[in-house]
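Data first, discussion second: the structure below is written as structure tokens.
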Amino acid sequence: HRRVGFTMVYVTHDQTEALTFADKVAVMFEGEVVQFGTPEELFLRPNHTFVGHFIGSPGMNFLKGSIDVSKNVFSIGNRTINLNNYPYSSKPNNNVDIVLGIRPEDISLDNSAESIKMKVELIEPMGADTLIWTSIEETPLSIRIEGSSELKLEDEIKVKFDISRVSIFDKNSEERI
């Protein structure tokens with residue numbers, strides 16, 4: 001299509017096909033376009049939880065909790081995550097229920113004071129990287145680490161979220177905040 005200069009529309013349910021062939025992708029959910037953009041835009045800044053889940057393998061992790069905007073803290077159960085300077089499109093009200101989305105590759109093993117303790121529940125060697133599965137307040141969480149891992153089931157790990165790569169969604173509309 002580049003050689004002849006035509007605009008082409010290609011319909012597929014295969015995210016790999018869509019992201020490989022397209023300069024721009026329209027993602028539809030329940031008959032509506034929820035996001036239109038480049039493959040990179042869809043991956044890095046999904047505008048809807050469906051886009052975050054659909055684009056990527058595995059898809060984005062989603063944690064349901066509440067946000068205290070005045071303290072810039074996300075709470076899930078008795079755990080808190082400092083959101084530092086998250087770039088809100090529009091600030092939510094204090095203590096409103098939200099969904100925090102984060103990709104497996106944007107969570108790292110870390111022993112700093114800001115890290116969160118978890119237990120390893122599943123280890124998936126993938127060749128060039130490894131998926132570590134754990135959970136936070138009974139919500140599954142996948143973590144992608146480079147290479148192989150010496151971790152074992154039930155090992156305690158500490159993880160840290162790359163807040164610059166987090167997406168925050170309204171719990172009801174599932175749209176990015």
Side-chain angles (χ1 to χ4, degrees), residues 1-67 74 76 81 83 86-90 92 96-108 118 120-149 153 159 161-177:
H1 77 58
R2 284 190 183 106
R3 185 171 41 87
V4 294
F6 290 143
T7 297
M8 301 172 87
V9 176
Y10 183 82
V11 178
T12 182
H13 290 88
D14 184 324
Q15 66 152 316
T16 304
E17 238 177 23
L19 299 176
T20 302
F21 292 148
D23 297 321
K24 297 267 185 161
V25 177
V27 179
M28 296 185 73
F29 178 67
E30 295 183 347
E32 302 279 330
V33 174
V34 291
Q35 189 167 356
F36 179 75
T38 66
E40 185 176 44
E41 289 167 346
L42 299 176
F43 184 80
L44 294 176
R45 289 194 48 86
N47 287 340
H48 193 276
T49 57
F50 179 75
V51 178
H53 171 75
F54 183 67
I55 304 295
S57 181
M60 186 173 263
N61 294 294
F62 294 109
L63 304 172
K64 293 178 182 177
S66 64
I67 189 167
F74 171 73
I76 178 169
I81 298 169
L83 296 176
Y86 177 79
Y88 299 99
S89 301
S90 61
V96 70
D97 289 338
I98 63 160
V99 176
L100 184 138
I102 186 154
R103 298 218 174 263
E105 49 275 9
D106 298 327
I107 305 171
S108 58
M118 299 180 183
V120 174
E121 297 172 3
L122 179 66
I123 302 167
E124 286 186 80
M126 308 290 283
D129 54 11
T130 302
L131 286 178
I132 307 296
W133 288 88
T134 184
S135 60
I136 181 168
E137 300 297 325
E138 299 183 22
T139 301
L141 188 73
S142 61
I143 304 162
R144 184 184 310 273
I145 61 171
E146 192 174 313
S148 60
S149 172
L153 294 179
V159 302
F161 291 10
D162 180 348
I163 299 305
S164 69
R165 303 288 295 255
V166 161
S167 295
I168 296 177
F169 303 95
D170 178 89
K171 182 183 171 205
N172 297 319
S173 70
E174 299 186 62
E175 294 174 349
R176 183 182 196 88
I177 295 177

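Nothing fancy with the numbering, it's 1 onward along the sequence.
Atom CD1 in I177 sits 6.5 Å away from atom CD1 in I168 (nearest 0.5 Å). Taking CD of E175 as the start and OG1 of T49 as the end, the distance is 9.5 Å to the nearest 0.5 Å. Annotation: the span from L83 atom CG to F161 atom CZ amounts to 10.0 Å, rounded to 0.5 Å. Rounded to the nearest 0.5 angstrom, H48 NE2 and Q35 CD are separated by 10.0 Å. Rounding to the nearest 0.5 angstrom, the gap separating the CZ atom in F29 from the NE2 atom in H53 is 10.0 Å. The distance from the CG atom of L44 to the OG atom of S164 is 10.0 Å, given to the nearest 0.5 Å.
Closest approach of I123 to P125, counting heavy atoms only: O-CD, 3.5 Å. Contact between R176 and P46 at its shortest, heavy atoms only, is NH1-O, 3.0 Å. The shortest heavy-atom contact between K64 and V99 is CG-CG2, 4.0 Å. Heavy-atom minimum distance, P58 versus R144: CD-NH2, 3.2 Å.
With I132 as the partner, the side-chain contact (heavy atoms from CB on, under 4.5 Å) test is satisfied by one option alone out of P104, S149, S142: S149.
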Side chain to side chain contact (heavy atoms under 4.5 Å, CB included) between D97 and S66, intermediate numbers included
CA-CA 4 Å; D97 289 338; S66 64; 3.9 Å; yes
Kindly indicate, with the supporting measurements, whether the criterion side chain to side chain contact (heavy atoms under 4.5 Å, CB included) is fulfilled by V159 and I136.
CA-CA 11 Å; V159 302; I136 181 168; over 6 Å; no
Evaluate V27 against N47 for side chain to side chain contact (heavy atoms under 4.5 Å, CB included), listing each step before the verdict.
CA-CA 10 Å; V27 179; N47 287 340; over 6 Å; no
Steps toward side chain to side chain contact (heavy atoms under 4.5 Å, CB included) verdict (V166, D106)
CA-CA 8 Å; V166 161; D106 298 327; over 6 Å; no
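With hydrogens and angles disregarded, a donor-acceptor distance shorter than 3.5 Å links the side chain of R103 to the backbone of G52. Formation of a donor-acceptor pair under 3.5 Å by the T130 side chain with backbone atoms of G147 is found in this model. Under a 3.5 Å cut-off, the side chain of Q15 and the backbone N or O of G56 do form a donor-acceptor pair.
With sequence neighbours left out, the ring pair (Phe, Tyr, Trp, His ring centres under 6.0 Å) criterion links Y10 to F21. Looking at residues two or more places apart in sequence or on another chain, you find a side chain to side chain contact (heavy atoms under 4.5 Å, CB included) between M126 and E124, D129, L131. Scanning for side chain to side chain contact (heavy atoms under 4.5 Å, CB included) contacts around K24 gives F36, T38, with sequence neighbours left out.
Two residues are said to be in side-chain contact when any heavy atoms from C-beta on lie closer than 4.5 Å; N61 and T139 fail this criterion. A 4.5 Å side-chain heavy-atom check between M60 and F62 finds at least one atom pair inside the cut-off. Using a 4.5 Å cut-off on side-chain heavy atoms (C-beta onward), F74 and L63 make contact. I98 places none of its side-chain heavy atoms less than 4.5 Å from the side chain of K171.
Using modelled atom types and a 3.5 Å distance limit, the side chains of D162 and S108 yield no donor-acceptor pair.
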